[in-house]
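Since the structure comes first, as structure tokens, the remarks are kept for the end.
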Amino acid sequence: MDSMWSFMDILILACGVYALYSAYVLKTQGKIIQTFLLARDTKPEACKDLSAYAGEMSPKLSVMGGVMVTYSVISLINTYLVEVNSLYWIFMVVMFGCLVWYAIAARRASEKYF
């Protein structure tokens with residue numbers, strides 16, 4: 001059972017790092033990496049105002065990526081080093097709340113800019 005949860009923690013860690021990278025690319029280069037930002041049927045070229053979209057979504061994507069990385073690190077520490085169950089559960093709730101918040105923000109931004 002621990003190996004399955006450890007795999008999930010490593011997967012969440014990788015997704016968090018990729019989200020941070022996507023936010024960096026969006027902010028610095030103005031390129032949309034479609035994985036986290038857009039639905040499959042939305043084309044990045046169809047953006048009405050890329051700089052405004054980048055300004056709105058880059059910080060939100062950074063927050064989501066940071067929360068994912070923090071959660072996965074705390075979870076791995078909880079599993080392999082020291083039990084920090086209360087902190088683990090707090091960050092689990094924070095992470096799921098952040099995912100819901102980000103999904104709503106991404107949908108609204110997609111409706112506004114595409």
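If you're wondering where the values come from, they're calculated on a predicted model, not measured in any experiment.
Considering all non-hydrogen atoms of both residues, I12 and S72 come closest at CG2-CB, 4.2 Å. Looking at every heavy atom in both residues, P44 comes nearest to F114 through O-CE2, 3.9 Å. When every heavy atom of L61 is checked against every heavy atom of A23, the shortest pair comes out as CD2-N, 3.5 Å. For the pair C47 and Y53, the tightest heavy-atom approach, listed with the atom from each and the gap, is SG-CB, 3.9 Å. In terms of heavy-atom proximity, E56 sits nearest to K112 at OE1-NZ, 3.7 Å. Of all heavy-atom pairs spanning A105 and M57, the tightest one is O-SD, 4.0 Å.
With hydrogens and angles ignored, the 3.5 Å screen pairs no side-chain donor or acceptor of S58 with any backbone N or O of G55. Under a 3.5 Å cut-off, the side chain of T28 and the backbone N or O of Y24 do form a donor-acceptor pair. Side-chain atoms of N78 never come within 3.5 Å of backbone atoms of Y88 as a donor-acceptor pair (strictly under, hydrogens ignored).
Within the 4.5 Å cutoff, the side chain of T70 has no heavy atoms near those of the M95 side chain. I32 is listed as a side-chain neighbour of L50, based on a closest heavy-atom distance under 4.5 Å. Residues D49 and S51 are in side-chain contact: their nearest non-hydrogen atoms beyond the backbone lie under 4.5 Å apart.
Rounded to the nearest 0.5 Å, atoms OG (S75) and CD1 (I10) are 10.0 Å apart. From L11, atom CG reaches atom OG of S6 across 12.5 Å, with rounding to the nearest 0.5 Å.
By the criterion of side-chain heavy atoms lying less than 4.5 angstrom apart, applied directly or through intervening Ile, Leu, Val, Met, Phe, Trp or Tyr residues, V84 is grouped together with L81 in one hydrophobic cluster.
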